[in-house]
Each structure stands twice: as structure tokens, then as C-alpha cells.
Amino acid sequence: SDPYVVVSLGATRHTSQVIPKNVNPVWDFVADCPVHDPAQLVSFRVYDSDTYSPDDLIATALDVRLGDIVAGGSVELPLWDTERERGAGVLQLSGRLLQLAGTSAAGGE
């Protein structure tokens with residue numbers, strides 16, 4: 001496999017680099033996304049990069065509450081192989097919320 005992961009949060013999408021010929025990839029990849037509410041849902045899709053045909057979807061972790069990821073600092077997300085209808089490993093990830101400078105919770109000055 002030549003896996004990569006696509007992270008989707010709202011209209012924002014980030015794609016990791018491809019890890020060639022690897023069935024246990026470590027992406028060490030950062031995805032900065034605007035967050036309006038910790039209850040927002042984030043999805044992860046793992047693909048196998050193919051040169052001469054469309055990339056194959058390997059596994060997914062869909063509709064994960066963002067707050068569940070950032071609450072513990074680090075989490076293991078189970079992946080699901082939709083084609084074979086079985087588990088497909090885990091994604092180990094961490095997240096944190098950062099407030100932009102010059103903003104307030106009330107949206108004021």
C-alpha cells in the first residue's frame with residue numbers, strides 16, 4: 001500500500017503525504033482547521049495512492065466529535081473497512097484548540 005489520509009472538518013479538507021510501500025504508516029502531519037464548536041464532526045479517510053487508476057479507499061473514521069479528540073490530548077480512533085465490513089486498524093492522533101489572537105468568546109473587540 002501507498003497510504004495517505006484525508007481529514008475533513010466542515011468545508012476544510014487536508015491531505016497528508018503519501019507513505020510509499022507501507023502498511024503501518026506514520027504521517028506526523030498537522031492539519032489546522034477553523035473550529036466553531038467542539039461538537040463539530042471531523043472525518044478521516046485513508047486511501048491507497050494508485051498511479052494508473054483511481055485511489056482506493058482503504059478505511060474510514062467518520063463523524064467523530066472534535067471535542068472527543070481534543071479532550072484527552074491523544075486518542076486512538078478505530079478505522080472501518082467499508083468494503084470488507086470489518087475493522088481496519090486505528091489512527092493515533094492528538095489535537096488541541098487554539099484561540100486566535102484578538103478574538104473573544106462573544107465575538108467582540
> Can you name the salt bridge (Lys or Arg N to Asp or Glu O under 4.0 Å) partners of Arg84, sequence neighbours left out?
Replying inline: Asp81
> How far does OG1 of Thr15 sit from CZ of Arg45, to the nearest 0.5 angstrom?
Replying inline: 11.0 Å
>> Holding to side chain to side chain contact (heavy atoms under 4.5 Å, CB included), I want the full list of residues that pass it with Val18, two or more places apart in sequence or in another chain.
In response: Asp2, Tyr4, Ser49
>> Could you measure the distance from the OG1 atom of Thr12 to the CD atom of Gln40? Nearest 0.5 Å is fine.
In response: 8.5 Å
>> Taking CD in Gln17 as the centre, count heavy atoms belonging to other residues, nucleotides or ligands within less than 6.0 Å. Is the count above 12?
In response: yes
>> Is there a path of hydrophobic side-chain contacts, each under 4.5 Å between heavy atoms, that joins Val5 and Leu77?
In response: yes
> Does some side-chain heavy atom of Val90 sit less than 4.5 Å from a side-chain heavy atom of Leu79?
Replying inline: no
> Residues two or more places apart in sequence or in another chain: which of them pass salt bridge (Lys or Arg N to Asp or Glu O under 4.0 Å) with Arg65?
Replying inline: Asp68
> Who pairs with Asp63 by side chain to side chain contact (heavy atoms under 4.5 Å, CB included), at least two apart in sequence or on another chain?
Replying inline: Leu41, Ser43
> Does anything in residues 11-35 pair up under ring-ring contact (aromatic ring centres under 6.0 Å, His included), and if so which pairs, sequence neighbours excluded?
Replying inline: none
> Nearest heavy-atom pair of Ser94 and Ile69: which atoms, and what distance?
Replying inline: C-CG2, 4.4 Å
> Can you list every salt bridge (Lys or Arg N to Asp or Glu O under 4.0 Å) pair that touches residues 13-38, not counting sequence neighbours?
Replying inline: none
>> What's the separation between atom CD1 in Ile58 and atom CD in Glu83, rounded to the nearest 0.5 Å?
In response: 11.0 Å
>> Within the structure provided, determine whether Leu66 and Pro38 are in side-chain contact (heavy-atom separation under 4.5 Å).
In response: no
>> For a 4.5 angstrom cut-off between non-hydrogen side-chain atoms, does Val26 reach Ile19?
In response: no
> Has the side chain of Asn22 got a donor or acceptor atom that lies under 3.5 Å from a matching backbone atom of Asn24?
Replying inline: yes
